[in-house]
Protein chains: 2
Amino acid sequence: MSGFDLTLLEHDNLGGTIYQKLCEALMKGAFKPNDRLKIRDLADRLGTSVTPVRDAILRLVQDQALVLRSPRDIRVPMLTRATYLEIRDIRVNLEGLAAARAAEQATPAQIEALESLLKRNEEAMAAGNTALATELNQIFHFKVSEFADMPVLGDILRRLWLQMGPLIADVYGGAGRTMIDHHYPLMDAIRGHDGPAAASAIQADILLASGPILERIDGVHPEALAV
Amino acid sequence: MSGFDLTLLEHDNLGGTIYQKLCEALMKGAFKPNDRLKIRDLADRLGTSVTPVRDAILRLVQDQALVLRSPRDIRVPMLTRATYLEIRDIRVNLEGLAAARAAEQATPAQIEALESLLKRNEEAMAAGNTALATELNQIFHFKVSEFADMPVLGDILRRLWLQMGPLIADVYGGAGRTMIDHHYPLMDAIRGHDGPAAASAIQADILLASGPILERIDGVHPEALAV
DNA sequence: ATTCGATGCATGATGCATCATAATGCCGCA
DNA sequence: TGCGGCATTATGATGCATCATGCATCGAAT
């Protein structure tokens, strides 16, 4: 009943479209950390001129989803352990806040939507489709902040996820199960409209999920530096 | 002893320079909410072509420091009460986290730097220079997150302040005293390396400072809508 | 006859493409 | 391993076509 979804209005200009395409690519892990992106190359592949690609890249750099290592060298950033930990701590705070607020004001329809996501996630996991499971997990987290009615917070989260995208795709893309079990306590809290419990639950989820990623960072970082 | 200030490394390309110029202008309140910006106009005034201005505007839009009301209508956003409250809540969480960490690991030199800022702020206030006082207050908040060693958080904060910039400049630019008194409990907590106390102090500061701004939003918003 | 509303046109600003240039990455060599 | 040259690549400028905004004129109703 909240009117139309205004966020879909962005598809007017080419630059915005390319930006979204690149966002999805980063989230999906189509680019790996330390990969180099070339504007002309992308323009050729997309069949456009360099201008809109330039626009999209610039926006991604502003999001820190890409970095300009030098004025002519655009790369996917390699998160250091310290940076990843910082992002994790920020998420613990922000998503905790969002989960609490979402729990307090969640409608039955919203609760059902979250449950549906969990169910689809389970199915994807059972089918061994880890890529889909990871994506559904991500959507779940975004939905929570959406239901908290905090668009600014949601945007910050989107950016943080964009920065982590290549890394977590690298970690969970290969093997391992997604951490869906931790979401059920959160659902219980939301159903009970218990804000603090919801915050604790999602915070525990984030911290637990960071384990495999931290292991991976330690293992992958020196090797990547050698390349 | 923490090396150079890496944020100044951006001055390589024209677009980055213009971006920073526009950021300062927004912070200083050179643009008012609902002002319209024209790319060609700015390009003429800066003596460059439209390309770097375009880049800068695009980055500002990505920061949500500007909005594209229509594809050819770039404006300074008018914060709604809800959006301002959301930003305030996010700041309460994030700056609380940063203040706690800064308190725990602050060096004597850093403590002295903060005290110096407070002193200069007092002087500016005594001289009736509210613009400078507001700017110093802002620098104080940024320094806290810098000393917390959280660059990602600092960047998020910078963006939030960029969004609020025109509004608070509008409120505090005219008259009224800056809320410097609330910073002294924070300094006490930092000197004592008491993280939780520092968090509480800065949170109280943010909440108290939001009072005049909220009053102003209520007063200014219907009037602006009528225009 | 006057005022309100609608349609059409002109102005103006932006998005995208193309071009020139200067700086850099990469590769090979000492 | 360190350095130099070449090809490459981003940056900045310019031009054109498109589209929205605003104004003026025209028509109709009271």
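Values below: every heavy atom of this structure, side chains too, minus hydrogens, waters and symmetry copies.
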Rounded to whole angstroms, how far apart are CG on Asp73(B) and P on dT21(D)?
7 Å

Would His141(A) and Asp205(A) count as having a side-chain donor-acceptor pair, cut-off 3.5 Å?
yes

How long is the gap from CD on Glu86(A) to OG1 on Thr80(A), to the nearest 0.5 Å?
9.0 Å

Over how many whole Å does the gap from Leu37(B) atom CG to dG12(C) atom P extend?
19 Å

Taking CG from Asp41(A) and P from dT8(D), how many angstroms apart are they, rounded to a whole number?
13 Å

What does Arg54(A) touch in the nucleic acid at a heavy-atom separation under 4.0 angstrom: a base, only the sugar-phosphate, or nothing?
base

Taking five pairs at each end of the helix from dA1(C)-dT30(D) to dA30(C)-dT1(D), what angle separates the two helix axes (nearest 10°)?
30°

Listed by chain and number, what are the side chain to side chain contact (heavy atoms under 4.5 Å, CB included) partners of Arg158(A), not counting sequence neighbours?
Tyr19(A), Cys23(A), Asp63(A), Phe142(A), Asp155(A), Leu162(A), Gln62(B)

Comparing Ile39(B) and Thr48(A) on DNA chain C - which has the more 5′ nearest nucleotide
Ile39(B)

N-O pairing of Lys143(B) and Glu146(B) below 4.0 Å:
yes

Hits for side-chain hydrogen bond (donor to acceptor under 3.5 Å, both in side chains) against Asp41(B), two or more places apart or cross-chain, chain-then-number order -> Arg45(B)

If you pin Arg36(A) and Gly15(A) to their nearest nucleotides in DNA chain C, which one's is more 5'?
Gly15(A)

What is the distance from CG of Leu14(B) to P of dA10(D), rounded to the nearest Å?
18 Å

Detail all sub-3.5 Å separations between protein N/O atoms and N/O atoms belonging to nucleotides 14-20 of chain D.
| from | atom 1 | to | atom 2 | distance (Å) |
| --- | --- | --- | --- | --- |
| dT18(D) | O2 | Arg72(B) | NH2 | 3.4 |

Checking Pro77(A) now: which residues fulfil side chain to side chain contact (heavy atoms under 4.5 Å, CB included) with it, not counting sequence neighbours?
Val67(A)

In whole angstroms, the gap separating C1' of dT21(D) from NZ of Lys38(B) amounts to 11 Å

Could you tell me whether Arg120(A) and Glu123(A) make a salt bridge, using a distance below 4.0 angstrom between a side-chain N and a carboxylate O?
no

N-O pairing of Arg91(A) and Glu95(A) below 4.0 Å
yes

Classify Leu58(B) by what it touches in the nucleic acid, base, sugar-phosphate, or nothing, heavy-atom distance under 4.0 Å.
nothing

Side chain to side chain contact (heavy atoms under 4.5 Å, CB included) filter on Ser70(A), not counting sequence neighbours, yields Asp73(A)

Quickly work out the Leu42(A) CG to dT9(D) P distance and round it to whole Å.
11 Å

